[in-house]
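The basis for the numbers below is simple: all heavy atoms, side chains too, and nothing from hydrogens, waters or symmetry mates. Chain A is the first sequence line, chain B the second, and so forth, proteins listed ahead of strands; every chain is numbered from 1.
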Amino acid sequence: MTLDPYNAFLHREEENGDRRVGVKDVIDVARMPTTAASKVLYRVPERDAECVARLRAAGAAIVGKLNTHEFAFGALTNSPHFGPALNPWDPERTTGGSSGGSGAAVAAGLVDVALGTDTAGSIRIPAALCGVTGHRPTVGLVPTGGVVPVAWTLDAVGPLARTAAECRRALELMAGEALPPERPVRRIGLVTRLFEDADPAVAAACAEAAQALGGDVEPVELPLHEEISTITQLVMLPEAASVHLGWLRTRLSDYGPDVRARALAGLLLPSTAYVTGRRGRNWVRSLWERELAGFDLLVAPAMPIVAPRLDAVPADYRLLIMPYNSPASLLGLPVTVVPCGFVDGLPVGLALTGQRGEDATVLAAAQRFQSATDWHERRPVDAASGDVLYTTDTVP
Amino acid sequence: MQGVYPSDEDLEGVRDFLDRIVPALAEIEERLPPEAAP
């Protein structure tokens with residue numbers, strides 16, 4: 001068995017086959033432990049989660065469970081109980097999260113496809129920071145049975161892989177059906193605010209990549225961008241507190257400090273805050289749908305920065321990244337993140353967002369982008385030996 | 001707190017969240033159009 005120098009796995013059993021699938025450790029795999037990288041949860045389910053069962057039935061080899069932020073409730077993958085996942089592009093840097101083990105395992109060639117979950121960016125963030133392709137599906141497209149929830153109305157299960165084509169294959173298997181035909185991409189909205197707020201080098205790489213998508217690229221200002229992060233929190237925190245209520249009563253001290261604080265915040269918010277969050281979501285939806293109707297795709301940097309060092313994560317990291325991830329989460333929209341350049345040797349990701357149910361459209365645009373570019377073929381180099389970690393030949 | 005007993009230190013950890021969210025919540029409550037239903 002190859003080594004796991006990036007702490008990508010929490011549990012590993014085999015690596016045979018040419019369809020090696022790693023599964024984030026909030027998703028049940030039969031006879032493998034589910035811990036959610038926590039001290040609180042340990043179960044060994046008899047059955048696969050539905051999405052895993054569908055992949056296994058199609059011939060996937062489930063090779064293990066992948067590291068995650070504790071309970072998938074954070075964006076760093078630095079569980080105090082299992083240690084951080086390390087970024088294969090620079091092991092002193094974060095993978096992002098919460099599906100950080102998934103991002104690291106794909107980037108290091110330890111799996112062909114990794115399953116992640118995304119409540120408020122948890123597939124998109126590690127895809128961007130680890131230089132791989134990731135797809136957050138439209139909410140409801142992939143069944144969430146057998147998955148530890150973060151917040152029921154925001155959660156989505158999706159794939160990370162080298163390419164958008166691989167993500168699409170895995171997505172269709174997990175969804176249990178072929179995606180409907182994509183729409184032609186004629187008008188692309190470039191979300192100006194997210195470019196302006198990003199590191200200039202990251203924004204420049206993404207702006208150049210957007211031109212390679214074809215179609216007419218036009219700047220767009222979307223309504224309520226400032227408010228969306230708060231509204232997402234008003235929905236997510238109380239739902240998460242409800243998920244964890246039983247454990248908060250009996251195991252509070254076993255949570256890591258950051259997750260404990262988030263869960264308690266959800267508990268302390270008044271019940272009207274959740275109602276305001278739900279009302280706010282519908283308010284945002286009504287305004288965004290009007291704007292989105294004019295565009296076939298929106299593009300923006302997936303993250304405003306490249307992967308920070310583990311010992312120097314900005315104090316405002318969460319606030320910095322929420323505007324990039326909250327809108328699609330709140331509205332349940334599909335997003336594909338593709339590698340689109342490098343800044344200081346670290347990968348940059350471009351986020352392609354579609355209208356609800358238009359997963360095929362964003363994935364097809366990502367496939368066209370990857371046919372015209374080679375960013376997704378770049379490989380990290382082993383820090384010790386200077387060797388490329390693996391070659392394209394080893395990835396079917 | 002619904003049978004949950006956080007320590008003072010735990011509550012201190014929550015304060016950051018609430019200090020940020022509660023004012024923003026109040027502002028959103030004021031701006032929500034009445035027809036926006038949950």
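- The interface of residues 69-82 of chain A with chain B, defined by heavy-atom distances below 4.5 Å, is empty.
- B/Ile28 CD1 to A/Thr276 OG1: the interatomic distance, rounded to the nearest 0.5 Å, is 8.0 Å.
- We find the CZ-CZ distance between B/Arg20 and A/Arg318 to be 6.0 Å, quoted to the nearest 0.5 Å.
- Heavy-atom distances place the side chain of B/Phe17, and not its backbone, under 4.5 Å from chain A.
- The 12-atom threshold is exceeded at CG of A/Asp316, counting heavy atoms of other residues, nucleotides or ligands nearer than 6.0 Å.
- The candidate with the highest count of non-hydrogen atom pairs below 4.5 Å against chain A, out of B/Ala24, B/Gly13, B/Ala37, is B/Ala37.
- To the nearest 0.5 Å, atoms CD1 (B/Ile21) and CG (A/Leu237) are separated by 5.0 Å.
- Options A/Leu267, A/Leu234, A/Asp258 differ in how many heavy-atom pairs under 4.5 Å they form with chain B, and the most are formed by A/Leu267.
- Annotation: maximal heavy-atom pairing with chain A below 4.5 Å, among B/Asp16, B/Leu11, B/Val22, B/Leu25, occurs at B/Leu25.
- Between B/Arg31 and A/Glu227 there is a salt bridge, with a side-chain nitrogen of the basic residue lying less than 4.0 Å from a carboxylate oxygen of the acidic one.
- Not counting sequence neighbours, A/Arg278 has no partner by the salt bridge (Lys or Arg N to Asp or Glu O under 4.0 Å) test.
- With respect to chain B, the highest number of heavy-atom pairs below 4.5 Å among A/Arg281, A/Arg262, A/Arg285 belongs to A/Arg262.
- Under a cut-off of 6.0 angstrom, the local environment of CD in A/Glu196 is crowded, with over 12 non-hydrogen atoms contributed by other residues, nucleotides or ligands.
- Heavy atoms only, all atoms of each residue included: A/Leu245 and B/Val4 are closest at CD1-CG2, 3.9 Å.
- For A/Arg193, the side-chain contact (heavy atoms from CB on, under 4.5 Å) criterion is met by A/Asp197, A/Glu221, A/His225, A/Glu226, not counting sequence neighbours.
- With sequence neighbours left out, A/Trp283 forms a ring pair (Phe, Tyr, Trp, His ring centres under 6.0 Å) with no residue at all.
- Side-chain contact between A/Leu264 and B/Met1 is present, with heavy atoms from C-beta onward closer than 4.5 Å.
- In this structure, the separation between CG on A/Asn282 and CD on B/Glu35 is 11.0 Å, given to the nearest 0.5 Å.
- Taking each heavy atom of B/Val14 and A/Ala265 in turn, the nearest pair found is CG1-CA, 3.7 Å.
- When heavy atoms are compared at a cutoff of 4.5 Å, B/Pro23 does not approach chain A at all.
- Note: A/Ala261 leads A/Ser229, A/Pro257, A/Ala261, A/Ser286 in heavy-atom pairs under 4.5 Å with chain B.
- Within the 3.5 Å criterion, the main-chain N or O of B/Gln2 finds a donor-acceptor partner in the side chain of A/Arg249.
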